[in-house]
A.B. asks: 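Quick one: the structure is below, and I'll ask about it shortly.
Chain A is the first sequence line, chain B the second, and so forth, proteins listed ahead of strands; every chain is numbered from 1.
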Amino acid sequence: MNTDRRRINAPSGGTTPPIFARTVKVPGYLESLRPSRTRGPNELRKIFLQTGIIPSASGSAYLEVPLPRTSNSSSLIPPRSSLKITCSIQGPKPLPRSAPFSPSLLLTTAVKFAPFASRNRRGYIRDSIERDLGVHLETALRGVLIGERWPKSGVEVIVTVVEGDEDGWWGDSTPGIGGGITGSGMGAGWGLLNILAGCITVSSAAIADAGIDCVDLVSGGVAAIVRNPDTKKKEGEKGDFVRMLDPCPAEHQDIVAACVVGYLAGRDEVTEIWLKGNVGAIPDELIDGATQAAVGSLSVLKEVVMEAVEAKFQGQVIQEKEGLKRKHPQQDAEMVG
Amino acid sequence: MATQPQPVPALSFPRPIFAALSPHPFLAAHLASDKAIRANGRKPQEFRTPGINTGSLTHCNGSAVVRLGNTAVVCGIRAEILRAEDIANPIVTGVRREDEDGEEDDREEIEGLRLLVPNIELATGSAPSHLPGSPPSTTAQTLVTRIRSLLISAHLLRADDLRITYAPPVPEDLDTPDVEQEEEIKGYWVLYIDTMFLSLDGAAFDAAWCALLAALRDTLIPHAYYDSDLETILCSDDPSQARKLKLRGLPVPSTFAVFESTEGDKEGDSEREKAWVLSDPDAFEEGVCKETVTVVVDGSGGTKGQSEENVRKIEKSGGGVIGRENMKGLIKRGVERWGVWERVLNDK
C-alpha cells in the first residue's frame, strides 16, 4: 500500500489513530457514549436528496442522511456516522470502436469510498468491498434500464461515498476496554447494506436526471431483525426479536439479520436482494420490511425528480441562467463562412 | 456571433453546438463583440464568487466544502499519530532551532518526516475526462504536486503544532539539581489532507487549495500527551482542551488563462494578434487556452492596520503573451481576489 508512487504516501513507519484517554481510563465512560435509537421501529431517517449537482455529467445526484442534531459538545468522538453519497452518470455514449457489438446499453458501475468516509482511514485503491458493492448496484440497476434503446453504447454510474454508515458501534470493536463487550456487529458488514440502499436510491435519481429511459424508479430500503436489548441479559433463552426499518447499525448492539432490497414500487418488483445473518426459516417479514423502507425513500425520490423536471422546463421557458445546466440563453448563433 | 446583418443567412446552430464544433471562434466571437463578455457570461476580469461550508464531515478533524461556480471540492483533514519509535531517521531530537525572528525553521522537519500527506482525487465522475478505475491521471498528479509544494514552500504549518512532547518528571534526587528538565518528542501528528472533487469546471488548483486552507483553519487537534503508565500516547476527547492550528499567513491563488485569437486583416497580410487574460477560467476556456498563470498572493502580512501584500508563488506555462508589465496587472488582480477570499474564509 505504501508503494503507490502516483500518490503522496504517509510516513513509512505508519501512523495510528488517536486513542482517547477517557475511554481507556474511566470505566463506564465508553458505555455512556453508546448511541441509542430514538425513532420508532417503523420510522425512517430523514433523507436529503438533490439532483443536478455536477453540470458536466449527464446526470447526477447527492443523497444525505444527516445526523440527528445532538449537542455533543462534551466529546470530540462522533457517536455515529451520517450517510453522504454522490452519484454521477457519464453517458450514454458510443462504445469505442474496438468493443464488440452490443445490442443494448452496457452498464458499468463503480463505487468508491472517500478516504474519510469511515472511522478508519481508507485507501485510494479500490478494495474488494467496493467491488462487491459495485456488483450489487449493477444488479439493482440493470433490470430497470431499458437498454434496447441504446444499442452500441455504454453508460457509467459512478458513486462516491463521502461518508458511510458503520458496521456497528465503534466502541464494540475496541479490544480490551470497556469490560470486553463484543458486539456481533463488527465485521459483519451491516453498514454496507445501508450504503447499498443509499447507492440505489441516489443512482436512481441520477439516472432520472440523465433522462435515461427506465421501466420505473428503483429505490433502496433496509430492514433488520434486532435482538431486544432489554431481554438480552437472559442467556439461553431465545430472547424476543424486533424488526427495525432503516436501522442505524451503531444504535443496535445485536443485529441478527438484515436485508436490503432494490424495489420497483410501481410494478411491485424486486431487482436486488442482499440478505445477511441468521434470519430463520421465513425471511418474508424481513423482506417486507425492507420494501416498506424502500417505499419510504421512493416518496422523497419522486418528489425530487418531479421538482427537477419542473425546474428544468421552467428554465427553458424563462431562458435565464438560473438553471444550472443551461448557462447559455437559447439563442442561435450563426456560423459564418 | 454576427454583429452586423449578413446578406446571406449562414448556417444557424444552437449555441451549445456551435461551442462544441468550433470552440475557439466561439469564444473569440464573444470576446471580440462590443460587450466583450465571455461565453459563460462573465467579464474577462471577473472571478466566480466562492462559497465555503466547513465542518460537515463527521470523521475528520477539519473539513470544508468549497464551491467556485460549477467546481465543487470537499476537503477532509484527519490527524493521526506518528510515534517517535516508528521514525526511521529522526531529524531533530528534542532540540528546537530558532532563527532571529523567534520563528522556527521547521520546514525540514515537516517535509522530511512527511507530516503532511495531501492527496487529490479527481476520478469521482467529476468530469467526463476523469473516470475511475485507472491510476491517477497526469493532471491529478501534477495538481497534487503543486499543492504539496505550495503547502511546504508557503511555510503554512508550524511543526510546533504537530509535536507531541513529554517532560519526564524531575527525579527527586538532590545530587542533580542543575539538570534542566528537557522535553522529549514522543510523536507527531500527521495530517492526512484528502481532497475530492465532486464537480470539476476549471480552476482546479484554486478550488483545491482554498478548500485545503479552509479545512486547515477548521481543524481541531485533540490534546495529546504521553502516558508513562501505559507507555503510549493518549488524547483527551474534551473539545475545550483541543486547539486549532496556528497557520502562517493566508496565501490565496488566482488562476488566469490567456486566450489568443488571430484575425486575418482584410486589407492584407498583417495578422492581428489579440489576446485576453481571463480570470478564473472554466473548463471550456481551459480547453481553448494554452497559456495559464497562477499567482499566489498573501495579503495578511505586515503589521496591524496596514496590510502588506506578498507574492508567494508564480507559476506560468505555455505561450508568451504575459510579460513583465502584464504580470504586474495580474498580481494586482490577485491581490483583489485575495480580499474576496479572505472575507469568505473569515465569514464562513
A.B. asks: Please classify the contact between B:Ser236 and chain A as side chain, backbone, both or neither, with a heavy-atom cut-off of under 4.5 Å.
C.D. replies: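 For B:Ser236, backbone heavy atoms alone lie under 4.5 Å from chain A.
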
A.B. asks: Of the non-hydrogen atoms in A:Ile54 and B:Leu198, which two are nearest, and what is the gap between them?
C.D. replies: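 It is CD1-O, 3.2 Å.
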
A.B. asks: Check whether any side-chain heavy atom of A:Leu76 lies under 4.5 Å from a side-chain heavy atom of B:Asp238, and answer yes or no.
C.D. replies: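 No, every pair of side-chain atoms sits at 4.5 Å or beyond.
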
A.B. asks: Applying side-chain contact (heavy atoms from CB on, under 4.5 Å) to A:Gln90 and B:His130, what does each step give before you reach the verdict?
C.D. replies: CA-CA 10 Å; A:Gln90 302 286 351; B:His130 301 284; over 6 Å; no

A.B. asks: Roughly how far, to the nearest 0.5 Å, is OG1 of B:Thr58 from CD1 of A:Ile77?
C.D. replies: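 OG1 of B:Thr58 is found 14.0 Å from CD1 of A:Ile77.
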
A.B. asks: B:Tyr188 vs A:Thr15, test: side chain to side chain donor-acceptor pair (under 3.5 Å). Steps then yes/no.
C.D. replies: CA-CA 9 Å; B:Tyr188 286 96; A:Thr15 58; over 6 Å; no

A.B. asks: Identify the two heavy atoms, one from A:Glu163 and one from B:Ser56, that lie closest to each other, and give their separation to 0.1 Å.
C.D. replies: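 So the minimum-distance heavy-atom pair works out to OE1-O, 4.1 Å.
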
A.B. asks: Using non-hydrogen atoms only, which part of A:Glu64 is less than 4.5 Å away from chain B: side chain, backbone, both, or neither?
C.D. replies: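 Contact with chain B involves no heavy atom of A:Glu64 at all.
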
A.B. asks: Scan for salt bridge (Lys or Arg N to Asp or Glu O under 4.0 Å) pairs involving residues 225-234 of chain B, sequence neighbours excluded, and state none if there are none.
C.D. replies: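 Those involving residues 225-234 of chain B are A:Lys25-B:Asp227.
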
A.B. asks: Quick one: which residues of residues 110-118 of chain A reach chain B at under 4.5 angstrom, heavy atoms only?
C.D. replies: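 Answer by number: A:Ala110, A:Ala114, A:Pro115, A:Phe116, A:Ala117, A:Ser118.
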
A.B. asks: Could you look at A:Arg119 and say if it's the side chain, the backbone, both or neither that has a heavy atom under 4.5 Å from chain B?
C.D. replies: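 Answer is both: backbone and side chain atoms of A:Arg119 are under 4.5 Å from chain B.
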
A.B. asks: Between chain A and each of B:Arg78, B:Gln141, B:Met196, B:Glu85, count heavy-atom pairs under 4.5 Å; write down the option with the most.
C.D. replies: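 Looking at each option in turn, the highest pair count goes to B:Arg78.
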
A.B. asks: Taking side-chain contact (heavy atoms from CB on, under 4.5 Å) as the test, write out the residues that go with A:Ser203, two or more places apart.
C.D. replies: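 In terms of side-chain contact (heavy atoms from CB on, under 4.5 Å), with neighbours along the sequence ignored, A:Ser203 is linked to A:Cys87, A:Leu137, A:Leu141, A:Val157, A:Val159.
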
A.B. asks: So for A:Ser81, is it side chain, backbone, both, or neither that comes closer than 4.5 Å to the heavy atoms of chain B?
C.D. replies: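 Both parts, backbone and side chain.
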
A.B. asks: Given the options B:Ala224, B:Ser63, B:Ser126, B:Gly187, which has more heavy-atom pairs under 4.5 Å with chain A than any of the others?
C.D. replies: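 Top option by heavy-atom pairs under 4.5 Å: B:Ser126.
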
A.B. asks: Measure the spacing between CZ of A:Arg22 and CG of B:Asp237 and express it to the nearest 0.5 Å.
C.D. replies: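 Answer for the CZ-CG pair, A:Arg22 versus B:Asp237, is 4.0 Å.
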
A.B. asks: Kindly indicate whether the side chain of A:Pro11, heavy atoms from C-beta on, has any atom under 4.5 Å from the side chain of B:Val190.
C.D. replies: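 A side-chain contact under 4.5 Å exists here.
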
A.B. asks: Is chain B contacted by the side chain of A:Thr160, its backbone, both, or neither, given a heavy-atom distance below 4.5 Å?
C.D. replies: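 Contact with chain B: side chain only.
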
A.B. asks: In terms of heavy-atom pairs under 4.5 Å with chain B, which of A:Ile158, A:Ile8, A:Ile19, A:Thr86 leads?
C.D. replies: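 The option with the most such pairs is A:Ile8.
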
A.B. asks: To the nearest 0.5 Å, tell me how far B:Leu234 CG sits from A:Phe20 CZ.
C.D. replies: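 One finds 10.5 Å between CG of B:Leu234 and CZ of A:Phe20.
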
A.B. asks: Would a distance-only check, ignoring hydrogens and angles, find a side-chain to backbone donor-acceptor pair under 3.5 Å from A:Ser88 to B:Gly125?
C.D. replies: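 Yes, because the side chain of A:Ser88 sits within donor-acceptor range (under 3.5 Å) of the backbone of B:Gly125.
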
A.B. asks: To the nearest 0.5 angstrom, please state how far the OG atom of A:Ser56 sits from the CG atom of B:Asn70.
C.D. replies: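 Taking OG in A:Ser56 and CG in B:Asn70, the distance rounds to 8.0 Å.
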
A.B. asks: Step by step, would you call A:Asn9 with B:Val117 a side-chain contact (heavy atoms from CB on, under 4.5 Å)?
C.D. replies: CA-CA 6 Å; A:Asn9 291 309; B:Val117 191; 5.9 Å; no

A.B. asks: Count the heavy-atom pairs under 4.5 Å between each of B:Asp86, B:Asp194, B:Thr71 and chain A, then report the option with the highest count.
C.D. replies: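 Looking at each of B:Asp86, B:Asp194, B:Thr71 in turn, B:Asp194 comes out on top.
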
A.B. asks: Looking at every heavy atom in both A:Pro18 and B:Glu80, which two are closest together, and how far apart are they?
C.D. replies: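 Heavy atoms only, the tightest pair is CD-CA, 4.5 Å.
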
A.B. asks: Could you look at B:Ile77 and say if it's the side chain, the backbone, both or neither that has a heavy atom under 4.5 Å from chain A?
C.D. replies: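 Contact with chain A: none, neither part.
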
A.B. asks: Out of B:Leu115, B:Asn61, B:Leu82, B:Ile17, return the one with the most heavy atom pairs under 4.5 angstrom to chain A.
C.D. replies: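 The option with the most such pairs is B:Leu82.
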
A.B. asks: Determine which pairs satisfy salt bridge (Lys or Arg N to Asp or Glu O under 4.0 Å) with at least one residue from residues 141-150 of chain B, sequence neighbours left out, and list them in order.
C.D. replies: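 Matches after skipping sequence neighbours: B:Arg146-B:Glu315.
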
A.B. asks: Taking every non-hydrogen pair under 4.5 Å, which of B:Ala79, B:Cys60, B:Pro118 racks up the most with chain A?
C.D. replies: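 It is B:Pro118.
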
A.B. asks: Testing the basics here: between B:Leu131 and A:Lys93, what is the closest heavy-atom pair and its distance to 0.1 Å?
C.D. replies: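 Closest approach of B:Leu131 to A:Lys93: CD1-NZ, 3.7 Å.
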
